[in-house]
Amino acid sequence: MQINIKTSEENQKVITDLTRKLPGDTKENVIARIALGYSLSNGKRFKREEFDTYDSQGKEYKDHILFDAEYKDFYIALVCQAYQIKSNDEDLVKLIKLHIDHGLQMISRYFEEHEDCTFFELLMNGLDKGVNALEDIDVPFDPAVNSNQHISKAYFSEPINIKIGYNPETKSEVYFCFNNTKIYNNPHIAVAGKSGSGKTQFAQEFMSQLHDVTKNKTNFLFLDFKGIKDEDRKKMQGFFDSTETSFVNAPDVPFPLNPLTFIDNLNQKNKLIGINKFVDIIASYSNIGKKQQQTLKDAVVEAFGAKIDNKYPSLKEVNEILLDRYGEKRDILTEIMGRLSEYELFESNVEDPSYFLNHNYYLSLSGDLDKTVRFTSVFLIINYIFNVFSNMGNADVVNGHQSMRYVLMIDEAHDLFREKKSLEILEVILRKMRSYGVSVFLLSQGISEYNQGTFDFSQECETSFLLPINDLGNTKAINKFLGLNDKESTRAMRNIEKLDNGFAISNVKEYPKTDVFEVVQYWKEH
């Protein structure tokens, strides 16, 4: 589309006067570009009845002079974004002309009212306004762009066949290939089973086989909300050793990542958005007010500014800045940041940012930890994983099999489902992580916890495993969880009522949907 315009007759002289305020031999097309941006940034949006506001008897700008081929698409995009129109819209040229005229009038009026102001000061005021708008933006839980991320992650592109159990009659083995894109739309898994049903032992065996089949290229994080006692940890030592899994008992041992390192520390816009996401997580679980959020944001910005050579600040350094700002005063913000720092839940200095995601971890969160600290720390970790893999981009599908990078396993997931803010985060993760080679594996004690009214987590998990549960009477929920039709439901319910611990019904494609099978248990297999 050719963009040839003429400004209003009145603005022809304005262009000459304003161009003189610019340095050196600046050409007159520069002030037209500035005027366009200035008008758009001040929120003016022309309605069709205003299209005749300015005449076309003034300065003429030909297409190749007005924007240059190099920058033309950028200026067109600004107008299209402002009006939510396409680049071939019939009103585009008219809107560009209107905003140039409008911007010229606004800038001319500004200098009339601020005689001592320079053009440089005008532009700096505009930049400050844009930066402040970025800082105040309400950021949704989408991945923060990090163009400075230098993390390499191994992956496995072959079929991942996991033995999930045995046919109780024939004793034949039942296998499940969750990265087979020909039969599964996503690699997410939901498991429901009451305490003692065998779901945790099933999950451990699943991870054990994942380690062996993928040669430890598809790594995992096992999040345990209830924490485990020392005697239970000793019983699991065989699992930790065989899967090369590091056991982290919070807060006794710091988790090997700095949760601030998902933030882009080079690009200013990306950095501010990332900082906002960090502040939003802290605010979500501590209920701090807007003023406290701004204080935390300022402290994080200052902490980043104090680092050199692209280094990252630690939570402890952010907390020290907060304490300096607060002086002797204390409130909920200093309390939560103080606990996150005092407990040393996270490493302050991580030499290799790739190390964490290329190894297996079992994170046990002690029940003695304050609830706010537990949830905040967990979602700082989940947020880190989500952002890092999002910035890696899609994982290839090779011969019909999704390349798998990671499995995020969440035990006692119903604890997260009870938190309103958790729902939003988990919902986005389940919907967006499937193409990044990341599987989310959820374990819960019942089915009803998966359905949170506006969102049913089990419906975002392609595969479901139902072990014995307490709410057997909720036929509708069971049918939805397993994806059963009426005919299948009648047969399935007869089998479900007779389920013993260690047995399950599943919707895996490799086994009849309504038939019972004995699930693998780590303690039995090793």
Inset, instruction - Output yes when a side-chain donor or acceptor of Q201 lies under 3.5 Å from a complementary backbone atom of W523, and no otherwise. - result: yes
Inset, instruction - Can you measure from CG (L210) to CE (M207) and round to the nearest 0.5 angstrom? - result: 5.0 Å
Legend entry - Minimum-distance pair of heavy atoms, taken over all atoms of S506 and T463: OG-CG2, 4.1 Å
Legend entry - Distance, nearest 0.5 Å, that separates CG of N479 from CG of D486: 7.5 Å
Inset, instruction - Considering non-hydrogen atoms only, spot the tightest contact between I382 and I410 and give its length. - result: CD1-CD1, 4.3 Å
Inset, instruction - List the atom of H401, the atom of S157, and the distance in Å for their closest heavy-atom pair. - result: CB-O, 3.9 Å
Inset, instruction - To the nearest 0.5 angstrom, please state how far the CG atom of L442 sits from the CG atom of L430. - result: 6.0 Å
Inset, instruction - Work out which heavy atom in S197 is nearest to a heavy atom in L467; give both atom names and the distance. - result: O-CD2, 3.4 Å
Inset, instruction - Could you walk me through whether E462 and K509 pass the salt bridge (charged side-chain N to carboxylate O under 4.0 Å, His left out) test, one step at a time? - result: CA-CA 10 Å; E462 180 75 4; K509 306 298 192 296; 3.6 Å; yes
Legend entry - Contacts of R374 that satisfy side chain to side chain donor-acceptor pair (under 3.5 Å) - sequence neighbours left out: none
Legend entry - With N394 via side chain to side chain donor-acceptor pair (under 3.5 Å) - residues at least two apart: S435
Legend entry - Set of residues satisfying salt bridge (Lys or Arg N to Asp or Glu O under 4.0 Å) with respect to D224, sequence neighbours excluded: K226
Legend entry - Test side-chain hydrogen bond (donor to acceptor under 3.5 Å, both in side chains) applied to N270 and N146, D264, N148, the passing residue: D264
Legend entry - Identified side-chain contact (heavy atoms from CB on, under 4.5 Å) partner of S364 from the options D232, D252, I228, L223: I228
Legend entry - Distance-only donor-acceptor check, side chains E412 and Q445, under 3.5 Å: yes
Inset, instruction - Report yes or no: does T243 contribute a side-chain atom to a donor-acceptor pair with the main-chain N or O of S208 at less than 3.5 Å? - result: no
Legend entry - Y361: ring pair (Phe, Tyr, Trp, His ring centres under 6.0 Å) partners, not counting sequence neighbours: F255, F356
Inset, instruction - Describe, in one word, how the ring planes of F517 and Y511 are oriented to each other, choosing from parallel (under 30°), tilted (30 to 60°) and perpendicular (over 60°). - result: perpendicular
Legend entry - Sequence-distant partners of E525, salt bridge (Lys or Arg N to Asp or Glu O under 4.0 Å), two or more places apart: K163
Legend entry - E244 and H211 side chains, donor-acceptor separation under 3.5 Å: yes
Legend entry - Nearest heavy atoms of K153 and Y406, plus distance in Å: CE-CD1, 4.1 Å
Inset, instruction - Quick one: sort the Y522 and F239 rings into parallel, tilted or perpendicular, breaks at 30° and 60°. - result: perpendicular
Inset, instruction - Please list, chain by chain and in numerical order, all residues satisfying side chain to side chain donor-acceptor pair (under 3.5 Å) with T261, sequence neighbours excluded. - result: none
Legend entry - Y384 side chain near P259 side chain, heavy-atom distance below 4.5 Å: no
Inset, instruction - Can you measure from CD1 (I478) to OG (S464) and round to the nearest 0.5 angstrom? - result: 12.0 Å
Legend entry - Residues which pass salt bridge (Lys or Arg N to Asp or Glu O under 4.0 Å) with K234, listed by chain and number, not counting sequence neighbours: D230
Inset, instruction - Under the salt bridge (Lys or Arg N to Asp or Glu O under 4.0 Å) rule, collect the residues that match up with E488, sequence neighbours excluded. - result: K513
Inset, instruction - Report the residues that fulfil ring pair (Phe, Tyr, Trp, His ring centres under 6.0 Å) with F304, sequence neighbours left out, ordered by chain and then residue number. - result: Y312
Inset, instruction - Any chance you could measure R434, atom CZ, to N186, atom CG, to the nearest 0.5 Å? - result: 4.5 Å
Inset, instruction - Only pairs at least two apart or in different chains count here, so list each ring pair (Phe, Tyr, Trp, His ring centres under 6.0 Å) that has a residue in residues 486-507. - result: none
Legend entry - Counterpart residues, ring pair (Phe, Tyr, Trp, His ring centres under 6.0 Å), relative to F481 (two or more places apart): Y450
Inset, instruction - Report yes if the distance between the aromatic ring centroids of F220 and F206 is under 6.0 Å, otherwise no. - result: no
Inset, instruction - Output yes when a side-chain donor or acceptor of D396 lies under 3.5 Å from a complementary backbone atom of V398, and no otherwise. - result: no
Legend entry - E205-Q209 side chain donor-acceptor pair, cut-off 3.5 Å: yes
Inset, instruction - Could you pull out the closest heavy-atom pair between A395 and Q402, with the gap in Å? - result: O-NE2, 2.9 Å
Inset, instruction - List for me each residue that meets side chain to side chain donor-acceptor pair (under 3.5 Å) alongside K524, sequence neighbours excluded, and say none if there are none. - result: E518
Inset, instruction - Step by step, work out the ring-ring contact (aromatic ring centres under 6.0 Å, His included) result for F176 and Y184. - result: CA-CA 11 Å; F176 163 49; Y184 295 109; 5.4 Å; yes
Inset, instruction - Could you tell me whether the side chain of N258 and the main chain of P313 form a donor-acceptor pair under 3.5 Å? - result: yes
